[in-house]
Protein chains: 2
Amino acid sequence: MTHNNPPFPSADHDHKNCVSHALKNAEAYCQQQGLRLTKLRHQVLELIWANHQPVGAYELLDQLTHEGRKAAPPTVYRALDFLMENGLVHRISSRNAYVGCSNAGHEHTAQFLICESCGQVAELDNAQIGSVIAKGANQLGFTVAQWTLEISGTCDQCKHRSQDE
Amino acid sequence: MTHNNPPFPSADHDHKNCVSHALKNAEAYCQQQGLRLTKLRHQVLELIWANHQPVGAYELLDQLTHEGRKAAPPTVYRALDFLMENGLVHRISSRNAYVGCSNAGHEHTAQFLICESCGQVAELDNAQIGSVIAKGANQLGFTVAQWTLEISGTCDQCKHRSQDE
DNA sequence: ACTGTAATGTTATATTGTAACATAATGCAG
DNA sequence: CTGCATTATGTTACAATATAACATTACAGT
Ligand SMILES: [Zn+2]
Ligand SMILES: [Zn+2]
Ligand SMILES: [Zn+2]
Ligand SMILES: [Zn+2]
């Protein structure tokens, strides 16, 4: 069986599939919510997914330019703002980079596993982590609005790969 | 009884006390570890504590300059690097800002409560959060090297303050 | 087609962080 | 104490990330 929210994708997976799946999801979600997933926004989202690891704004800008679009920093940042506001993209603030959301549509605060070796990121949605955090904060009278958890380390595949050497 | 690791300091606390306490701690720690807490590093650490909320590198640079020291960006960043490497200061990456560590000396990965209203930050060291995170990651075969948790919201005092209006 | 709104283009600039090399301070061996 | 190696700081220039402000274009609804 396939995992419902696969952690790190295997090296040999069909990545075009990931991208098109994410895009279809996003299209449906925006349709349903009356959001305007314009050509630019669609293009940026596609690039983000195509990179399939956290990608910087200026890197996206380059890629947009190579695809023939006239773009300047605000072009990218505005698209990113839209995508983030609507939960289609997350920002990894420890890296100044952006990544597609694996659980778009259902309200969540994400947690990220960031592999220092291969650069890939897995998005968790571990309810237990969320509830422990909420509990810890509430004990101090703190009302949580949002939070980000960014975990660096080594993913399973990279661990095995390094053992083979 | 007072909490061993007080969350948000009360508005009327004697803050000079906080600062001098933190500095004495840092001095003792560096002495003991054979680390060179030079005048510059001491000065930067003092400024960070004096602000008593996350403060940006360029803000520190201004403050240093106003204290009469010749300083440029690398001056500040190098001092920050030293202080972070040795666990005396943490970086709040969601804000590009730096804050004094409340638990300097004992190895830990910190968690931050950031009040959006007053700007203050409380450092937690909640072992339960740490263990849930480790567990969640290990289940996926991920080896955790480090992590940061930054929680935004409203602190207890600000909640009460807003009720009074 | 007309019109108000939202999106994008465009230019300039702000903010945050580093590279690279010169000088000065510090600690230590002799 | 003196010279030497190491570490820290000064200095200049620049890279990387992000936003402000205003002009133009596309779009949706009438
Ligand atoms: Zn994929
Ligand atoms: Zn990996
Ligand atoms: Zn204080
Ligand atoms: Zn507050």
Side-chain angles (χ1 to χ4, degrees), chain A residues 26-27 30-31 33-48 51 53-86 88-99 119 148 150, chain B residues 26-27 30-31 33-48 51 53-86 88-99 119 148 150:
Chain A
E27 287 157 14
C30 289
Q31 176 86 39
Q33 300 286 315
L35 299 170
R36 291 174 59 185
L37 186 60
T38 63
K39 191 162 178 196
L40 171 64
R41 290 162 177 173
H42 190 277
Q43 201 177 354
V44 169
L45 183 60
E46 179 166 15
L47 285 174
I48 289 175
N51 281 278
Q53 57 179 253
V55 55
Y58 278 73
E59 213 172 325
L60 288 170
L61 179 53
D62 278 351
Q63 297 177 6
L64 268 182
T65 306
H66 282 132
E67 289 191 351
R69 179 177 275 271
K70 278 210 171 167
T75 312
V76 172
Y77 282 105
R78 286 192 288 227
L80 288 172
D81 285 346
F82 170 87
L83 296 169
M84 285 191 290
E85 268 165 25
N86 297 293
L88 299 170
V89 159
H90 294 290
R91 181 186 146 95
I92 311 283
S93 65
S94 61
R95 311 237 156 174
N96 296 333
Y98 306 83
V99 69
T148 62
E150 300 175 12
Chain B
E27 289 156 14
C30 288
Q31 176 86 40
Q33 299 286 315
L35 299 171
R36 292 173 60 186
L37 186 59
T38 62
K39 192 160 179 198
L40 171 65
R41 291 164 177 172
H42 190 279
Q43 200 177 354
V44 169
L45 183 59
E46 179 166 17
L47 284 173
I48 288 175
N51 281 278
Q53 57 178 252
V55 54
Y58 278 73
E59 213 172 325
L60 288 169
L61 179 54
D62 278 350
Q63 296 177 7
L64 268 182
T65 307
H66 282 132
E67 290 191 350
R69 178 179 277 271
K70 279 210 171 169
T75 312
V76 172
Y77 282 104
R78 286 193 287 225
L80 288 172
D81 285 346
F82 170 87
L83 295 169
M84 285 191 293
E85 270 165 23
N86 296 294
L88 299 169
V89 159
H90 293 290
R91 181 186 146 96
I92 311 283
S93 67
S94 62
R95 312 234 155 178
N96 297 335
Y98 305 84
V99 69
T148 63
E150 300 175 11

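The analysis underlying the following values was restricted to heavy atoms, covering all of them including side chains, and did not include hydrogens, waters or symmetry mates. In what follows, every chain begins at residue 1, and chains take the letters A, B, ... in the order their sequences are listed.
- Residue A/Tyr98 has no polar side-chain atom (N or O) positioned under 4.0 Å from OP1 or OP2 of D/dT17.
- The side chain of B/Arg69 places no N or O atom within less than 4.0 Å of a non-bridging phosphate oxygen (OP1 or OP2) of D/dT9.
- Here A/Arg36 lies in heavy-atom contact (under 4.0 Å) with sugar-phosphate atoms only.
- Residue contacts shown for A/Arg41 are limited to sugar-phosphate atoms, with no base heavy atom under 4.0 Å away.
- Regarding A/Asp81, its CG atom lies at a distance of 10 Å from the P atom of D/dA20, rounded to whole Å.
- Note on B/Thr38: a side-chain N or O is less than 4.0 Å away from OP1 or OP2 of D/dT9.
- Taking atom CG on A/Leu60 and atom P on D/dA16, their separation rounds to 15 Å, with Å as the unit.
- Backbone-only engagement by B/Arg91 is indicated by non-hydrogen atom pairs under 4.0 Å involving sugar-phosphate atoms exclusively.
- When each of A/Arg95 and B/Ala71 is assigned the nucleotide of DNA chain D with its nearest heavy atom, B/Ala71 is the one assigned upstream, toward the 5' end.
- One can place NE2 of A/His42 at 13 Å from P of C/dT8, the figure rounded to the nearest angstrom.
- Rounded to whole Å, the distance from CG on A/Leu80 to P on C/dT8 is 12 Å.
- Between the CG atom of B/Leu80 and the CG atom of B/Leu88 there is a distance of 11.5 Å, given to the nearest 0.5 Å.
- What separates CZ of A/Arg78 from C1' of D/dA20 is a distance of 10 Å, to the nearest Å.
- Distances were taken from every side-chain heavy atom of A/Pro74 (C-beta onward) to each of C/dG9, D/dT17, C/dT11; the shortest belongs to C/dT11.
- Using modelled atom types, one side-chain atom of B/Glu150 and one backbone atom of B/Ser93 make a donor-acceptor pair closer than 3.5 Å.
- The listed nucleotides are C/dT16, D/dA8, D/dA18; the one nearest the side chain of B/Tyr77 is C/dT16.
- Looking at heavy atoms from C-beta onward, A/Thr65 lies out of side-chain contact with A/Lys70 at the 4.5 angstrom threshold.
- Rounding to the nearest 0.5 Å gives a distance of 8.5 Å between CZ of A/Arg41 and CG of A/Leu35.
- Contact annotation: the side chain of B/Tyr98 approaches that of B/Met84 to within less than 4.5 Å [non-hydrogen atoms, C-beta and beyond].
- Judged by ring centres under 5.5 Å apart and planes tilted less than 30 degrees, A/Tyr58 stacks against the six-membered base ring of D/dT17.
- In this structure, the CG atom of A/Asn96 is 8 Å from the P atom of C/dG17, given to the nearest Å.
- The interatomic distance linking A/Leu37 (CG) with D/dA26 (P) rounds to 19 Å, in whole Å.
- Distance, B/Leu61 CG to D/dT9 P: 15 Å, rounded to whole Å.
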